[in-house]
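In this text, all values refer to a predicted model and were calculated from it rather than measured experimentally. Just so we're on the same page: letters track the sequence lines, and every chain starts at 1.
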Amino acid sequence: MSEERSLNFIEEIIENDLNSGKYETLVTRFPPEPNGYLHIGHAKAICLSFGLTKKYGGYTNLRFDDTNPVTEKTEYVDSQQEDIKWLGFEWKNELYTSDYFDTLYDFAVKLIEKGVAYVDDSTADEIAALKGTPTEAGTNSPFRNRSVQENLELFSRMKSGEFPDGTCTLRAKIDMASPNMIMRDPIIYRIKHAEHHRTGNKWCIYPMYDFAHGQSDSIEEITHSLCTLEYVSHRELYDWFIAELGIFPSHQYEFARLNLTYTVMSKRKLLQLVNENLVDGWNDPRMPTISGLRRRGYTPESIREFCDRIGVAKRENLIELSLLEFCVREHLNKTANRVMAVLDPIKLVITNYPEGKSEILIGENNPEAEDKGGTREIPFSNELWIEREDFMEEPAKKWFRLAPGTMVRLKHAYIVKCEDFKKDAEGNVTEIHCTYIPESKSGEDTSGINVKGTIHWVSTAHAKTAEIRIYDRLFSVESPDSEEGDFKDYLNPESMKVIKEAYIEPYLAEANLDSRYQFIRKGYYCLDQDSTAEHLVFNQTVGLKDAWAKAKK
RNA sequence: UGCCCGAUAGUAUAAAGGUAGUACAACGGUUUUUGGUACCGUUUGUCUAGGUUCGAAUCCUGGUCGGGCAACCA
């Protein structure tokens, strides 16, 4: 824990603020809008804001930024809470921007009284037209100089529902010529006769993001308000409202959002994939959502480790998926029990092992765990399933596995020698015949034989069947966002492969949704939610590194 | 064309004017009853041109490139 690690720029700011006595207690917040499921990009923000108060003391609030009733749903509130908890973080207070609607309304009245806010009857198009462009100043609205009294009255009537949607807005009176477009008399309240997921029909006017976020931070006395780079230009407004209102000076700091290769991260695009049934919902194991990663078999530890390793900076980035995969392999390698499963079976018959006989072998569950993960019983007999790819009629160079005349170790069992094999009319190998060496039993081997290859197997008489789903990257290009045309054109058609009937060792019958396994020589797997007692379904979280497959190329 | 960010190996991220380091990736090797893991090693980098300085990735100036900003979204 105490290893020397350099601080990121936000930690530097915080240490300075804490050391200088500017703040005694660090307070951060995570402020999602409940309009979708959380994804790995949110995980970065969560790990940052919650991680900081874990490191420096203080606390983090969870605040649902629910100022737009037409996009927000309780379903999303629930899923977002579940995902944050699953990631391993606890918030101090569960809050909603909608909790502050009364206060925010009073803030707006205060600005009107100060003469720095006015009701504008212009249409959306008119407001846009008068906004100017980045290179040309905007023009003042004809309603900009209404009296305080008139504004007060109009704003009150907006609140009481006298006007239909879109007829007028409340705007801050700042500077229509500001080089920062955000400062050109931003709209701070709009009329929306819509039911809110929490306040119901109490309100028909709702504050805009800019008029809600900073003030909410201030109300909660958030010391360091962290958000992504696209809000940089909003900071000037954030500070302006706090100054005009004379409220607690929260400060906003921006960092670069996470981009990951071979996927998309925007909620809008993820929603499209869901709505167009291009994936199996928000928690499809190929989705970069927290719930998707969870279903895929990722662990909270591995995601936190990933967020730790990618760092925090202000530079745009595109992180390689291989780092995420490394993190989950690293964690699962230490924690997942090893088991045997044959995904593409071919029969192996041991001709000198008595037919009908079976014995129970003892297998170590995890050589990487401190206690070796305990042991389990594995039934063995004269007929086994092995992986089709573990036999080659004409062996390649440096082939360690089965071929006519070669010997391999059956994991946890005996050394066998390939004596013969059978083919069908099409020339496909259908059966492999071996003899075993009785004195080579795992753990009590006195044969003196050393073999290079060890393969996994399952006894045909004892095997259970399972469906296995193997996933690959969702998109076939590194950055679907920056390709020409529609991002959906770049979906990887082979992102999911289903093996209807694989053979697994009987031990796996006790798998539950929380267990993670390493299928020896294959990868890491977990039970899918679609699984039933009669029909087991496993998801591949990530494959093992495969130096042999690489060497073949 | 305005304003605001940013630029360090393939990808990220450090070095607070003083040895350009770490991780992932790639490549090679050792160990191995997983062609896994572990361990060892190799390749590859300061956008550019000036300036300040004994000394610049770092400070200054110009340029180049990338990103953001003109929703009654957040």
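- Defined by atom type and a distance below 3.5 Å, a donor-acceptor pair is present between the side-chain atoms of A:Glu387 and A:His456.
- Atom CZ of A:Arg144 is surrounded by more than 12 heavy atoms from other residues, nucleotides or ligands within 6.0 Å.
- Nucleotides B:C5 and B:U53, compared at atom P, are 28 Å apart to the nearest Å.
- Proximity note for A:Arg521 (side chain, C-beta onward) versus B:G35, B:A12, B:A16: the nearest is B:G35.
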Under-3.5 Å N/O pairs linking protein and nucleotides 24-27 of chain B:
residue: B:A25; atom: OP1; partner: A:Lys545; partner atom: NZ; Å: 3.3
residue: B:A26; atom: OP1; partner: A:Lys550; partner atom: NZ; Å: 2.8

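- Between A:Phe143 and A:Tyr118, the gap from one ring centroid to the other reaches at least 6.0 Å.
- Nearest to the side chain of A:Ser442, among B:U33, B:A16, B:U34, sits B:U33.
- One interatomic measurement links the two molecules: CG of A:Leu544 to P of B:U34, which rounds to 12 Å at whole-angstrom precision.
- The side-chain hydrogen bond (donor to acceptor under 3.5 Å, both in side chains) check on A:Arg304 picks up nothing, with sequence neighbours excluded.
- Aromatic ring centres of A:Tyr206 and A:Phe101: separated by under 6.0 Å.
- Rounded to an integer number of Å, the gap from CG of A:Asp239 to C1' of B:C4 is 14 Å.
- Residue A:Arg184 is out of contact with every strand shown, counting any heavy-atom pair closer than 4.0 Å.
- Taking atom P in both B:U32 and B:C24, one finds a spacing of 23 Å when rounded to whole Å.
- Between B:C73 and B:C3, the distance separating the two C1' atoms is 22 Å to the nearest Å.
- When heavy atoms are screened at a 4.0 angstrom cut-off, A:Ile319 is found touching the sugar-phosphate backbone but no base atom.
- Between the side chains of A:Asn180 and A:Ser233, no donor N or O sits under 3.5 Å from an acceptor N or O.
- The interatomic distance linking A:Asn317 (CG) with B:A9 (P) rounds to 14 Å, in whole Å.
- Side-chain contact annotation: A:Glu33 with A:Thr71, donor-acceptor N/O pair under 3.5 Å present.
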- Between A:Leu332 and A:Thr299, is a side chain to side chain contact (heavy atoms under 4.5 Å, CB included) present by the stated rule, with each step listed? CA-CA 8 Å; A:Leu332 259 17; A:Thr299 58; 3.6 Å; yes

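- For A:Leu318, the side-chain atoms get nearest to B:A12 when compared with the rest of B:A16, B:A12, B:G35.
- Using a 4.0 Å heavy-atom cutoff across all strands shown, A:Glu368 reaches at least one base atom of the nucleic acid.
- A donor and an acceptor atom, one from each side chain of A:Glu368 and A:Asn366, are nowhere located under 3.5 Å apart.
- Look at OH on A:Tyr414: it is 19 Å from P on B:U33, rounded to the nearest Å.
- Contact check of residues 261-270 of chain A against RNA chain B (heavy atom, cut-off under 4.0 Å) returns no residues at all.
- The residue A:Glu254 sits apart from the nucleic acid: no heavy atom pair falls under 4.0 Å.
- Stem regions for RNA chain B, each three or more consecutive Watson-Crick or G-U pairs with both distances under 3.5 Å and listed by first number, read B:2-7 with B:64-69, B:10-13 with B:21-24, B:26-30 with B:38-42, B:47-51 with B:59-63.
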- Note on the structure: Its contact letters, B for base, S for sugar-phosphate only and - for none at protein heavy atoms under 4.0 Å, make nucleotides 69-74 of chain B read SB-BSB

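- Aromatic pair A:Trp548/A:Phe400: centroids not less than 6.0 angstrom apart.
- Ring pair A:Phe9/A:Phe255: centre-to-centre distance not below 6.0 Å.
- Between the C1' atom of B:A12 and the CD atom of A:Glu305 lies a distance of 14 Å, rounded to the nearest Å.
- Straight-line distance from the CD atom of A:Glu12 to the C1' atom of B:U58: 13 Å, rounded to whole Å.
- The aromatic ring centroids of A:Tyr37 and A:Tyr76 lie less than 6.0 Å from each other.
- B:U46 and B:A14 have their C1' atoms separated by 13 Å, with the value rounded to a whole Å.
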- Pair A:Val458-A:Ile504, side chain to side chain contact (heavy atoms under 4.5 Å, CB included): steps then yes or no: CA-CA 6 Å; A:Val458 178; A:Ile504 60 177; 5.8 Å; no

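- Position along RNA chain B of the nearest nucleotide to A:Ala313 versus A:Lys452 favours A:Ala313 as the more 5'-ward residue.
- By the side-chain contact (heavy atoms from CB on, under 4.5 Å) test, A:Ser225 pairs with A:Arg29, A:His213, A:Asp217, A:Ile222, A:Tyr238, sequence neighbours left out.
- Across the protein-nucleic acid pair, A:Phe9 atom CZ and B:A7 atom P stand 11 Å apart, rounded to whole Å.
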